[in-house]
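All values below were derived from every heavy atom in this structure, side-chain atoms included, with hydrogens, water molecules and symmetry-related copies excluded. This is a predicted model, so every value here is computed, not measured. Note on naming: letters A, B, ... go to the chains in the order of the sequence lines (proteins, then strands), and numbering restarts at 1 for each one.
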Amino acid sequence: MTRDLFAFALANSCVLVAGHGVLRLTGFRPALRDLAWSIGVAYLAGAAAVGVLGSALLVLGLSLAAWQLVALSVFLAAAGALRHPLQRPGRPAVDLPVRALQVATALVLGVLAVDLLVQPMWTEDAWSIWAPKAAAIVLRDGLDPQVLASASLVSPSYPLVVPVLELIALRFYGLPNELVPLQLGLLFLAFPPALAALLRDRVRLFVLWAVLFAVALAPTLQIQTASAVADVPLAVFFALAGVAGWRWVEDGEDASLWLAAVFAAAAVGTKVEGAVFVALLACALGAAGAARGRSLRMAAVAAGLVLLSALPWELWSRAHELGNPVSAAGGLRVGPAGRIPSGSASMLRELADPTSWLALGLLALLALFLAGRSRTGRTLAVVTAFVSLASLASLLAVYWATPLDFDYHVATSVRRVITAPVVFGAAMTPLLLARAQASR
Amino acid sequence: MLALGAVLAGALLLVGGRRIAAEAGGSSVGVVTAVFLALTVAGAPYTVWRVVEDIRETAPISAEHARYVGAETKLIDGELAQRIGSPIPPGGSYYVAVAPSAYSEIRESLGNWLGYALLPRRRVLDPKDAEWIVTWGATPAELGLRAGEPSLVGRNRLSEREPVYLAPAR
């Protein structure tokens, strides 16, 4: 175990170094003395970049051996070192009540980290969809279409970012390995500090950390994180793409736009529905940016790069006829109308369940209301409401058209799949409340 | 735990409600934040207790055992499943069949678990494409499958001690 933990630290240091490079490449300059700012957002930017580029490298025939992952991290760090000029992030002072919330959040995340350290991989989705793909890549030293197209894997056509991130664990400390849930869980552990880094110069720190404390405590996020499935990683990447994208809308910072693109590419590469969510987000941010006179040419380039990042795996998986349970059952088709109210009711029950989300959903609704009636917060409220509701509607459309048994499909997935839209809404909440206050 | 949370939340609102509202900027946003934080604190003891209980449950699991917990949630003996793979070479193909009398968890999930546990061997969905036949709870012949002489791999210790066979396909 000690050897594994040492390898774990080494592997994730590489991700962190890569992330610092990515931040510099996008135009941010994280300083060492501001480690608290950089560690969460740099780790997630590194995970996003390694996940997306690692997927493309696998398609190009590499095996993502440990030395190749190290080389990729060094390449990203070196590329970032060449980028000038850079923008230093704002760094507001922290008072005692905010510090208390930060400590409470860190304690909750610390307990969760211990849980992840001793967590076996027990959910069927973890060991039938995501872990087998990572294991198959290790055992065949790359993408082997014969193995991936066999019935050994459930949903082999699903994208590669999560298997690539699990691969970091397997390449650095062997197969089989019990640290995979912790490896994947790091994405959630890094999320509160990352979100704080992106919002701390835009919102009241107390409100921000109150929301982050609730995010860290939300039972469904803790349980899903311990389950080692892809819904929390998708939620993390999608929410950060939304927040960084909104920074670009507000200030027109190129750095925020590129950072949003990095996280959006990771969201697209994490789960199939990530592509739909990101498309909706891009439409909303593009419209809001155009209304504020932002450069849509730059936004189009960023969107094009996100699209391009998904192409290698999409082409490879189609060329080798990889499928998933929905395609195997004949694909989506118009279903009975009665599924819509039934699916909506299931979603609403989950959204309103305090044993899943505590009061996060309630706060997001109130924040939408307060920001929506204010002059300065109206656009943000419309963007947040549109992206969240349209994302949920897209999930409902899938339930409506599912070729699988409707009740089984809803019962086994609704709690997980709503995670990304809800976490996106929660991440935007401090901004909504700040804009509601600004118009007083 | 919920009662403790409620007491903590009430105390927080009574003692620090005004301060919290002021920290959050006052007005309606301040009130909303104070109530939200109180509700969060109310849920905190239960949430943290749930995670601590999970740690108490999972911490004693050995690394060796942890590899099979996924199988055990479906009443599948993970060590037995692992032994099935020994005679099948890497890249070899196999077909899985389960007796109708087996528990539904096993019938629904055995193929998926073996798909993971026996990698890089390939699971196929048509017995005609398989080099090996795996049967759980009955012999290949009892399940109507054409196969060579089956060998008993072992018995499932997690349910009815049903036999598990491996046979070369014919």
With no hydrogens and no angle check, do the side chains of A/His320 and A/Gln146 hold a donor and an acceptor under 3.5 Å apart? no
Who among A/Leu112, A/Leu117, A/Leu433, A/Leu363 has the most heavy-atom pairs with chain B under 4.5 Å? A/Leu363
Assert top hit (heavy-atom pairs under 4.5 Å, partner chain B, pool A/Asp115, A/Thr355, A/Leu217) equals A/Asp115
Under 4.5 Å to a heavy atom of chain A? For B/Tyr46 that would be neither
For chain B, which candidate among A/Ser150, A/Ala218, A/Pro219, A/Ala136 shows the most heavy-atom pairs at distances under 4.5 Å? A/Ser150
The interface call for A/Leu101 against chain B, heavy-atom contacts under 4.5 Å, is side chain
Please classify the contact of B/Pro60 with chain A as side chain, backbone, both or neither, using a heavy-atom distance under 4.5 Å. neither
Under 4.0 Å between a Lys/Arg side-chain N and an Asp/Glu carboxylate O for B/Arg83 and B/Glu79? no
B/Thr73 portion near chain A, given a 4.5 angstrom heavy-atom threshold: side chain
Can you measure from CZ (B/Phe36) to CD1 (B/Ile20) and round to the nearest 0.5 angstrom? 12.0 Å
So, the part of A/Glu124 with a heavy atom under 4.5 Å from chain B: the answer is side chain
Out of A/Ser152, A/Ala104, A/Ser128, which one racks up the most heavy-atom pairs below 4.5 Å with chain B? A/Ser152
Honestly, the part of B/Arg50 sitting under 4.5 Å from a heavy atom of chain A is side chain
Shortest non-hydrogen contact between A/Trp122 and A/Ala226, atoms and distance: NE1-O, 3.9 Å
For A/Gln183 and A/Tyr173, does a side-chain donor sit closer than 3.5 Å to a side-chain acceptor? yes
Is any NZ, NE, NH1 or NH2 atom of the basic residue among B/Glu162 and B/Arg155 found under 4.0 Å from an Asp or Glu carboxylate oxygen of the other? no
With a 4.5 angstrom heavy-atom cut-off, could you sort out which part of B/Ser109 is near chain A: side chain, backbone, both or neither? both
Side-chain ion pair, A/Arg204 and A/Asp95, N-O less than 4.0 Å: no
The interface call for B/Leu119 against chain A, heavy-atom contacts under 4.5 Å, is both
Going by heavy atoms in the side chains, are B/Glu131 and B/Pro168 under 4.5 Å from each other? no
With only heavy atoms counted, which part of B/Ala22 is less than 4.5 Å from chain A, the side chain, the backbone, both or neither? backbone
Based on non-hydrogen pairs under 4.5 Å, which of A/Val98, A/Val211, A/Ile223 is most in contact with chain B? A/Ile223
Selection from B/Val41, B/Val35, B/Asp54 maximising heavy-atom pairs under 4.5 Å formed with chain A: B/Asp54
pair A/Ile129-A/Leu153: side-chain heavy atoms closer than 4.5 Å: no
Scored by heavy-atom pairs under 4.5 Å with chain A, the best of B/Ala63, B/Gly91, B/Ala66 is B/Ala63
Test applied, side-chain contact (heavy atoms from CB on, under 4.5 Å); reference residue, B/Val32; option that passes from A/Leu362, A/Val207, A/Leu370: A/Leu370
Thinking salt bridges, do B/Lys74 and B/Glu108 make one under a 4.0 Å N-O criterion? no
If one checks every heavy atom of B/Arg56 against chain A at 4.5 Å, the contacting part turns out to be neither
What option among B/Leu118, B/Ile61, B/Val51 has the most heavy-atom pairs under 4.5 Å with chain A? B/Val51
B/Trp113 ring center near B/Tyr116 ring center (under 6.0 Å): yes
Please determine, among A/Thr123, A/Leu205, A/Val203, A/Val147, the option with the most heavy-atom pairs under 4.5 Å with chain B. A/Val147
